Number of protein chains: 2
Amino acid sequence: MADVAERAGVSVSTVSRTLRGMSTVSPEARLRVEQAARDLEFVVSRQASSLVTGRTGNVAVLAPTLSSWFVGCVLQGLSTQLSGAGLDLLIYPVAELAERKAFFERLPARRNADALMVLSFDLTEEETARLDGLGMPVVYVSRKVEGRPSVYVDDVAGGRTATRHLLTLGHRRIAYLCGRRSDGFTYSSRQRRTGCLQALAEAGTEPALVREVPHGRRAALEAIGDLTTLSDPPTAVFAETDELALDLLTALREARIQVPDQLSVSGFDDHPVAEWAGLTTVAQDPVSLGTVAGGLVTELIADPDADPAPHRELPLRFIPRASTVSPGR
Amino acid sequence: MADVAERAGVSVSTVSRTLRGMSTVSPEARLRVEQAARDLEFVVSRQASSLVTGRTGNVAVLAPTLSSWFVGCVLQGLSTQLSGAGLDLLIYPVAELAERKAFFERLPARRNADALMVLSFDLTEEETARLDGLGMPVVYVSRKVEGRPSVYVDDVAGGRTATRHLLTLGHRRIAYLCGRRSDGFTYSSRQRRTGCLQALAEAGTEPALVREVPHGRRAALEAIGDLTTLSDPPTAVFAETDELALDLLTALREARIQVPDQLSVSGFDDHPVAEWAGLTTVAQDPVSLGTVAGGLVTELIADPDADPAPHRELPLRFIPRASTVSPGR
DNA sequence: TTGAAAGCGCTAACAC
DNA sequence: GTGTTAGCGCTTTCAA
């Protein structure tokens, strides 16, 4: 920066002010500084400036994975929003329980970011409390947390809607399938299950058969085998996500069980492939989730006196398709 | 850090040395410092230490999108590898040409990261040269660049293999479909097309019909309409990626064109849904791509005297499935 | 093995 | 409007 100052024939303060777009710089000085900075290909060191301002310009994101469609879309929306605000995205994927513990022990984000976004995790009370003490805004995404900034959909209502649809078609024996993960990426899953059980209770039907399915095709196949060999097997299944539902569809084909004639299948998310697969689903828009969360966190960083716990709920939309029909048809 | 020093009854130098694991600290001092740091929940500020060491502990990634399966998997592998080395992932998604230009004008990574990873882009000579002058290791992923560190698959060979398969089945009229993007995320696409054309030339067949398909179902539908109304329509298509192929399958169903009876379709990637869709494809492992690239960049950061342009090629595997059969069957 | 002290590159308060 | 200067929190000589 000293080089730029010298080349422009001004002091470093003027360079600093110019480069931060402050208005207290004369047009001539500004012009010369900008030219000099360009000539020298000068970029301000964030490390140095954050040392004095206390702001890093980074937003940390705690994500359960990077390879799922849902998470990718959320991050996409988030980054679009943040880059507009001049903030960079620092990503901490924590797939394993061990990584998660390590993250909470070291809390590496502590001094390296201006805010933390927590994606989808079903954190413990203790972990949440830990984050409260972090001294920076923490925004929960795809997850409603009382008293903390959150952006989410109503997963309970979504689960209820999908289940009511199956009930309306005439199904009475309904299974709820959720993915099993070691790290507890199951907040939405729990909520959707709650909605499912609520709908069944309302209808006075027997409660859902709940099964956890580890990731992968083999597990899906086993789960299917398990369900169909019951004395009174389900006629419909509601899967936590479309990705799980698609695994199921593959397994069902392998097991030569016709969908929807022998078994109706509903998913959740409206994954791009769901349309092609003719999968009944509850659509949400993860990109918007990210965008809205990004806007929220930007506000919270800029204005520490803002509403400390704003909530934003995004809409769901039920989409019936070919994978669900009346039983015994 | 001063607080820790006081609490442990030592100087800040000793604290610093202890926390960086240097051996020149007496066991007693080390113990006291570690205890004090734990009591105070102290974490060293990266901003401050990088100011003096010149290393930021960040790796910047230039990615075309975050919502594609391929990119998500690469980032997943990358982050696993990097977090093991204590490095954080800073992500710069540049979807639009304008964003890309902005990135290259400001090169925000310049002082904010220890290395840059470039994902899949078909950069211009000028852009590559620009990155050469960045003064940090630049690793190209899913992209072979002569004279620079690169991790990639042989897309030309992959394109050749898929096309030869179609030729062997008896197809003579073959279309190559690639996505169209404003920002030039087309390096692999170009290579695969080259492989496709090579195979056709070898076979002495007429050259491929090449079509660019903007993202989305409507565009896929139009492309299909365009191809099938030709006087001599293709009997097989080879799509740049499975995601594009799946869009095509949806469009073909809408257009009531039977796959594979009326049209064979091959993809590229082995997306998880490809198996369920019965899509013939060329499989690659993007997670490994990320892992290997992460290992490479870690080495380059740690040892500036290492081989300045290591190349790592990862394998491809052809997987024939139900979507490709002999024509006119 | 330890401590004192000199910066790393920048911002912000203050004086001009 | 502009320059001077005192740190921000750390690492790293250099001496002890």
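In this text, all values refer to a predicted model and were calculated from it rather than measured experimentally. Every chain is numbered from 1, with letters handed out A, B, ... down the list of sequences.
Rounded to a whole Å, the CD atom of B/Gln47 is 10 Å from the C1' atom of D/dG9. Between the CG atom of B/Leu40 and the P atom of D/dG9 there is a distance of 14 Å, rounded to whole Å.
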*Stepwise salt bridge (charged side-chain N to carboxylate O under 4.0 Å, His left out) test for B/Arg190 and B/Asp155*: CA-CA 9 Å; B/Arg190 275 228 324 261; B/Asp155 282 304; over 6 Å; no
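Among the heavy atoms of the strands lying under 4.0 Å from A/Thr14 are primed sugar atoms or P, OP1, OP2 only; no base atom is included.
Residues B/Arg100 and B/Glu127 are paired through a salt bridge, judged by an N-O separation under 4.0 Å between the basic side chain and the carboxylate.
Summarising the local packing, CD of B/Glu313 is surrounded by more than 12 heavy atoms from other residues, nucleotides or ligands at distances under 6.0 Å. For B/Gln35, the CD atom counts as densely surrounded, since its 6.0 Å shell holds more than 12 non-hydrogen atoms of other residues, nucleotides or ligands.
Along DNA chain C, the nucleotide nearest to B/Thr24 and the one nearest to B/Leu51 differ in position, and the one closer to the 5' end is contacted by B/Thr24.
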*asked:* Output one letter per nucleotide in nucleotides 10-16 of chain D: B when a protein non-hydrogen atom lies under 4.0 Å from the base, S when only the sugar-phosphate is that close, - when neither is.
replied: BBB----
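For the segment residues 26-38 of chain A, no residue has any heavy atom less than 4.0 angstrom from an atom of DNA chain C.
Put simply, chain B comes within 4.0 Å of DNA chain C, heavy atom to any atom, from C/dT1 to C/dC10, going 5' to 3'.
Side-chain contact check for B/Gln47 and A/Thr56: no donor-acceptor pair (N or O, by modelled atom type) lies under 3.5 Å. Checked by atom type, the side-chain pair A/Arg30/A/Ser26 shows no donor-acceptor distance below 3.5 Å.
Scanning for side-chain contact (heavy atoms from CB on, under 4.5 Å) contacts around A/Arg7 gives A/Ala36, A/Asp39, A/Leu40, with sequence neighbours left out. Applying the side-chain hydrogen bond (donor to acceptor under 3.5 Å, both in side chains) test to A/Ser142 and every residue at least two apart in sequence or in another chain returns nothing.
Annotation: B/Tyr187 is not in aromatic contact with B/Phe121 [ring centroid separation under 6.0 Å not met].
Among residue pairs with one or both ends in residues 293-310 of chain A, none qualify as side-chain hydrogen bond (donor to acceptor under 3.5 Å, both in side chains); sequence neighbours excluded.
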